[in-house]
Amino acid sequence: MTLERMFERWKEQSAYDDEDSAVEERIHEFLSEGANELAFKRLDGNLTGLADMANDSDSPDPRIPPWTHPAIVDYALYLWFRDGNPVKQQRAQAYLARFQDVLNRMPTLRDEHAKAAMADGRWTLKNLYAD
């Protein structure tokens, strides 16, 4: 999902309909921050070589699975609503919970490599407690 599509989705979910370039720039920062949060977990904290989403045609890092891209929008919505009145703050918590759910379900690259190695038979597990 491109940055432009994420912004359009953010506008739909937040019911924001003004054309303000300062707000658009701020939301792009929020989206980039959400992508960085996902990348931090996915890449085990090693963010070297990670490029920010700078223009509308950019997508998040290819190492971030596409099924997690809607969570980036949820994170931007959380950041947008978290400083509002109590009703907006409650709404923000729901978006944060959705983001954290995806973050917890997303495996790291190290986990995926280990799973693939076990499936290929390169690694085997030995039960140390068996007779």
For Asp44, which residues count as a side-chain contact (heavy atoms from CB on, under 4.5 Å) partner, sequence neighbours excluded? Thr108, Arg110
Answer yes or no: does atom CD of Gln90 have more than 12 heavy-atom neighbours from other residues, nucleotides or ligands under 6.0 Å? no
When rounded to the nearest 0.5 angstrom, what distance separates CG in Leu38 from NE2 in His69? 8.0 Å
In terms of the angle between their ring planes, are Tyr95 and Phe81 parallel, tilted or perpendicular, with boundaries placed at 30° and 60°? parallel
To the nearest 0.5 Å, atom CD1 of Ile72 lies from atom CZ of Phe99 at 8.0 Å
Nearest atoms (heavy-atom pairs only) where Leu3 meets Leu31: CD1-CD1, 3.6 Å
Where the side chain of Arg42 meets the backbone of Met106, is there a donor-acceptor pair that is under 3.5 Å apart? no
Which pairs with one or both residues in residues 84-99 pass salt bridge (charged side-chain N to carboxylate O under 4.0 Å, His left out), sequence neighbours excluded? Asp74-Arg98
In this structure, would Trp67 and Val73 fall into the same cluster of hydrophobic residues linked by side-chain contacts under 4.5 Å? yes
For Gln100, all residues meeting side-chain contact (heavy atoms from CB on, under 4.5 Å), sequence neighbours excluded: Leu96
If the condition is side-chain hydrogen bond (donor to acceptor under 3.5 Å, both in side chains), which residues does Arg26 pass it with, not counting sequence neighbours? none
Beyond-backbone contact of Arg9 with Pro70, side-chain heavy atoms, under 4.5 angstrom: yes
Contacts of Tyr16 meeting side-chain contact (heavy atoms from CB on, under 4.5 Å) (sequence neighbours excluded), chain-then-number -> Trp10, Ser14, Asp18, Asp20, Val23, Trp80
Partner set under side-chain hydrogen bond (donor to acceptor under 3.5 Å, both in side chains) for Lys11, not counting sequence neighbours: Glu19
Does a side-chain heavy-atom distance below 4.5 Å link Arg5 with Glu8? yes
I'd like to check the side-chain contact (heavy atoms from CB on, under 4.5 Å) partners of Ala39; sequence neighbours left out, ordered by chain and number. Leu43, Leu47, Leu50, Ile64
Under the rule for salt bridge (charged side-chain N to carboxylate O under 4.0 Å, His left out), what residues qualify as partners of Glu29, not counting sequence neighbours? none
